[in-house]
Amino acid sequence: MASVSSQPQFRYTQPPSKVLHLRNLPWECTEEELIELGKPFGKVVNTKCNVGANRNQAFIEFADLNQAIAMISYYASSSEPAQVRGKTVYLQYSNRQEIVNNKTSADVAGNVLLVTIEGADARLVSIDVLHLVFSAFGFVHKITTFEKTAGFQALVQFSDSETASAAKNALDGRSIPRYLLPEHLGPCTLRITFSAHTDLSVKFQSHRSRDYTNPYLPVASSAIDGSGQFSMGFDGRKVEPESNVLLASIENMQYAVTLDVLHMVFSAFGPIQKIAMFDKNGGVQALIQYPDVQTAIVAKEALEGHCIYDGGFCKLHISYSRHTDLSIKVNNDRSRDYTSPVLSSQPSVLGQQPVPIPGPSTHQFEGAQYASPSDQPVIHQPSAGWATSAAAAGAPPPPPQSMPMQQHNHPYMPPGTMPPQPVPGMMPMQTQTGLPQSAAMPPYSH
DNA sequence: AGCACA
C-alpha cells in the first residue's frame, strides 16, 4: 500500500512549514533550549522535545512561516551549524503544519499520583503498605487501587502537587523496602506518573480504597464479611476482619505502658469503652474496645507500627480482635470498663507516669526512619510541633515526646482531666513528618 | 541523523 503522502520520506527539500523538525539533539533537551535556538528567527509558539525512540528529536513551531524559512535559510548557508549544548543539530521543515502536543497527564504535575506496582507479587502489596510508603512525604488523603492491563495500580492523592512531586521524585522506579513487605514477597517496584485526577471518589473504606480524610465513611461489606479479600498484613498473614475491638501488642517495651497511657493514646480516635491488658508470649498485649468499627479502623490505621515513646520504644502492633464486646469483671490496673460507672473510679491507677525499665538514653528518629532498614519499619515521628507542653507537664526525662495525635493533651494526666479531643485523627500525624528526601533513599533501591 | 500518539 502506498502511504497517503507517497513521497520519499527523506529528501533534502521538504515543502516549507512553520514547523521545523530537529534531530541529533542532546539527550533530555529542554523546551527552553529549543526556544533559545529558534528565538533569533521569530516567535516560537510551540515546541516538542524528546521525540522518537531515542528521544533526541524535536519540533519547533514558529508563529509565522517566514520565520521558519529564515531559520532554515540561515543555517543552510551558515558555517556554524545549529547547536544545542555544543552538539550539532540538524534542521529541516517538518512534514506537518503544526505541532500537536499530546501532553499526557503524566507530564503535568498534579496532586494525584498514578502508581503502578511491578513485580510478580505486586497485587499482594496492601493498601496499608502503600499508605505507609507515601505518607512519608505528606498527608495522604485517599488511595484507590485497581487492576488494569498495566497490572496492579493505585491512585494516591496528596494535598498538593508539590507533595505529590516530592513523592514521585523519591519513589519512582524504586522498590518498596523489603521490611515493609511480607517476607515471602518478591521485589515490588513502583512506577509513578501524575494522574489527571484531582480528587478521588472513595465511597467506602475497603481493602482497595481508603479515604483518610473521612474516618466516618461506611466500611464496605467486602471488607467486613467473608469475601476473603483482605489485604495482606505486615507479616504476610491475612488481615483479620475489621472489628470494633483492637488487639495491641507492645514491642520493645522499655517503659511501662499503663492502662491510662493506652487509654490516652487510643482515645484520640474516639471514646473507649473497655480496655483489658494481659501478658502473652513474654510481652504485653491489650484489647481496646471502641463503640464502632470505623473508629477502630481509624485508630489502627494511625497507630499501627508507631511508638508510644520516641526512640522506637513501646512500638504498637495492632490487629483486629475477634471480640466485639469485652467482658470486664473488675476494674484494676489491667482492665477497665469505662462504660460502667459502678466499676470505675479506682484512683490507684491515675496519674501514672512512664517508668523507665532499664533506663536507656533517649534518641530521636527524626526523619531518618527509612535509614535503618533492618528494624523499626515505619515510624512517623513528627520531629517538631509539640512535646513542649507535654514535657513541661511533668513527664520524666526519658520519653520526651509521645504519640503525635495527643498534641493537645497532657499525656500523663488522668483521662478525665484532659481537654476535649479535637478531630480523632490521623491528620496531624502524617503531615508533620517532613520530607524524608535523602533519608528516604537508601532502602529504595533501583 | 531522518517526523511525534500511548
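Letters go in sequence order (proteins before strands), and every chain restarts at 1. Both backbone and side-chain heavy atoms feed into the values below; hydrogens, waters and symmetry mates do not.
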* Tell me whether the centres of the aromatic rings in A:Phe158 and A:Phe139 are closer together than 6.0 Å. => no
* Asked: Is the A:Tyr212 ring parallel, tilted or perpendicular to the A:His131 ring (thresholds 30°, 60°)?
  -> parallel
* What is the distance from CD1 of A:Ile60 to P of B:dC3, rounded to the nearest Å? -> 17 Å
* Asked: For the side chain of A:Gln57 and the base of B:dG2, is some donor closer than 3.5 Å to an acceptor across the two?
  -> no
* A:Glu61 near the nucleic acid: base, sugar-phosphate alone, or nothing, with a heavy-atom cut-off under 4.0 Å? -> nothing
* Residue pair A:Arg178, A:Glu183: steps toward the salt bridge (Lys or Arg N to Asp or Glu O under 4.0 Å) verdict -> CA-CA 7 Å; A:Arg178 301 305 293 253; A:Glu183 282 177 16; over 6 Å; no
* Going by an N to O cut-off under 4.0 Å, is there a salt bridge joining A:Lys18 and A:Glu98? -> no
* Asked: Which residues in residues 16-51 of chain A have at least one heavy atom lying under 4.0 Å from any atom of DNA chain B?
  -> A:His21, A:Arg23, A:Asn24, A:Lys48, A:Val51
* Flag the pair A:Lys203 and A:Asp211 as a salt bridge only when some basic side-chain nitrogen lies within less than 4.0 angstrom of an acidic carboxylate oxygen. => no
* **Ring geometry between A:Phe266 and A:Tyr290 (parallel below 30°, tilted from 30 to 60°, perpendicular above 60°)** => tilted
* To do: Return yes when atom NZ of A:Lys43 has more than 12 non-hydrogen atoms of other residues, nucleotides or ligands closer than 6.0 Å, and no otherwise.
  => no
* Establish, yes or no, whether a centroid distance under 6.0 Å links the rings of A:Tyr90 and A:His21. => no
* To do: Side chain of A:Arg96 only, please: which of B:dA4, B:dC3, B:dA6 is the nearest?
  => B:dA4
* Asked: Rounded to the nearest Å, what distance is computed from the CD atom of residue A:Gln14 to the C1' atom of nucleotide B:dA4?
  -> 14 Å
* Nearest whole angstrom, please: distance from the C1' of B:dA1 to the CZ of A:Arg55. => 18 Å
* Can you tell me the distance, in whole Å, between the OH atom of A:Tyr90 and the P atom of B:dA1? => 7 Å
* For the side chain of A:Asn111 and the backbone of A:Thr198, is there at least one donor-acceptor N/O pair under 3.5 Å apart? -> yes
* **Whole-Å gap separating C1' (B:dC3) and CG (A:Asn95)** => 5 Å
* **d(CD, A:Gln153; C1', B:dA6) in whole Å** => 13 Å
* Asked: Listed in order of residue number, which residues of residues 68-80 of chain A have a non-hydrogen atom at under 4.0 Å from DNA chain B?
  -> none
* **Gap between atoms OH and C1', on A:Tyr93 and B:dC3 respectively (whole Å)** => 16 Å
* Among B:dA4, B:dG2, B:dC3, which is the nearest nucleotide to the side chain of A:Asn54? -> B:dG2
* Asked: How close or far is atom P of B:dC3 from atom CG of A:Asn56, stated in whole angstroms?
  -> 10 Å
